[in-house]
Amino acid sequence: MADPTIAITDSARKFMDAGGIDTVTFRLFEERVGCCLGVVKEIEAVHAAPQDAADYLCLLAENRRIYISHRIRIIGPLKLATEGLWRKRLCLSGATVPLFKEW
């Protein structure tokens, strides 16, 4: 796979400018639900660089650094956008959580 690129939507750009955000890390958040129900997986955005960048893909777009965990599956063109009506947050489209544990 060629080096992926990432597009930034106008809403994400405005959100990042308003918050002074120039670095975003997308990491995989996993939480066990009950003893038999399994694990809930979600892509979480953190407005800081990861402590160990070796486990992340680093992309540069519009002088902003975007880190994406290698554990997140890229399925299409990447786009940084916002979601939520009252409380906005950054989201990553073109990526998904892995369905199964990769060994």
Side-chain angles (χ1 to χ4, degrees):
M1 179 176 174
D3 288 336
T5 58
I6 189 163
I8 300 176
T9 63
D10 289 338
S11 64
R13 192 177 301 107
K14 289 176 187 174
F15 179 84
M16 293 175 80
D17 288 344
I21 302 165
D22 62 352
T23 303
V24 180
T25 298
F26 289 97
R27 62 185 182 189
L28 189 63
F29 174 76
E30 296 178 289
E31 182 177 5
R32 182 159 298 280
V33 181
C35 65
C36 304
L37 297 177
V39 176
V40 173
K41 297 178 182 180
E42 181 180 351
I43 296 174
E44 178 181 46
V46 178
H47 304 160
Q51 289 183 358
D52 183 11
D55 294 331
Y56 290 83
L57 170 67
C58 181
L59 302 173
L60 187 63
E62 301 178 16
N63 292 324
R64 303 171 200 267
R65 290 198 184 280
I66 293 97
Y67 294 92
I68 303 171
S69 171
H70 287 300
R71 297 174 58 206
I72 294 172
R73 204 170 122 221
I74 297 173
I75 57 173
L78 294 171
K79 186 185 302 182
L80 187 59
T82 57
E83 63 183 7
L85 295 175
W86 292 281
R87 186 168 183 233
K88 289 203 180 293
R89 67 180 185 167
L90 292 171
C91 65
L92 182 65
S93 65
T96 187
V97 298
L99 295 179
F100 302 101
K101 189 168 192 158
E102 297 177 11
W103 304 100

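Computed from a predicted model, the values in this text were never measured in an experiment. Below, all heavy atoms of this structure are taken into account, side chains as well, without hydrogens, waters or symmetry copies.
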To check you understand the geometry: which heavy-atom pair defines the closest contact between [X] and [Y], and what is its length?
| X | Y | result |
| --- | --- | --- |
| Phe26 | Ile72 | O-CD1, 3.5 Å |
| Phe15 | Lys88 | CE1-O, 3.6 Å |
| Ser69 | Arg27 | CB-CA, 4.1 Å |
| Thr82 | Thr9 | N-OG1, 4.4 Å |

- Query: Picking from Leu59, Leu57, Leu60, what satisfies side chain to side chain contact (heavy atoms under 4.5 Å, CB included) with Ile6?
  - Reply: Leu59

- Tested for side chain to side chain contact (heavy atoms under 4.5 Å, CB included) against Met16, the lone hit among Asp22, Val24, Thr23 is Val24

- Is there a chain of hydrophobic side chains (I, L, V, M, F, W, Y, each step under 4.5 Å between heavy atoms) that links Tyr67 to Leu28? no

- Message: If hydrophobic clusters are built from ILVMFWY residues whose side chains come within less than 4.5 Å, do Tyr56 and Leu78 share one?
- Response: no

- Query: Between Val97 and Ile43, does a side chain to side chain contact (heavy atoms under 4.5 Å, CB included) hold up when you go through it step by step?
  - Reply: CA-CA 7 Å; Val97 298; Ile43 296 174; 3.9 Å; yes

- Item | Lys/Arg-Asp/Glu bridge criterion (N-O < 4.0 Å) met for Arg13, Asp10 | yes

- Item | Between NZ on residue Lys79 and CG on residue Leu92, distance to nearest 0.5 Å | 11.5 Å

- Message: Using modelled atom types and a 3.5 Å cut-off, is there a donor and acceptor pairing between side-chain atoms of Arg64 and backbone atoms of Ile21?
- Response: yes

- Task: Report yes or no: does Thr25 contribute a side-chain atom to a donor-acceptor pair with the main-chain N or O of Ile68 at less than 3.5 Å?
- Result: no

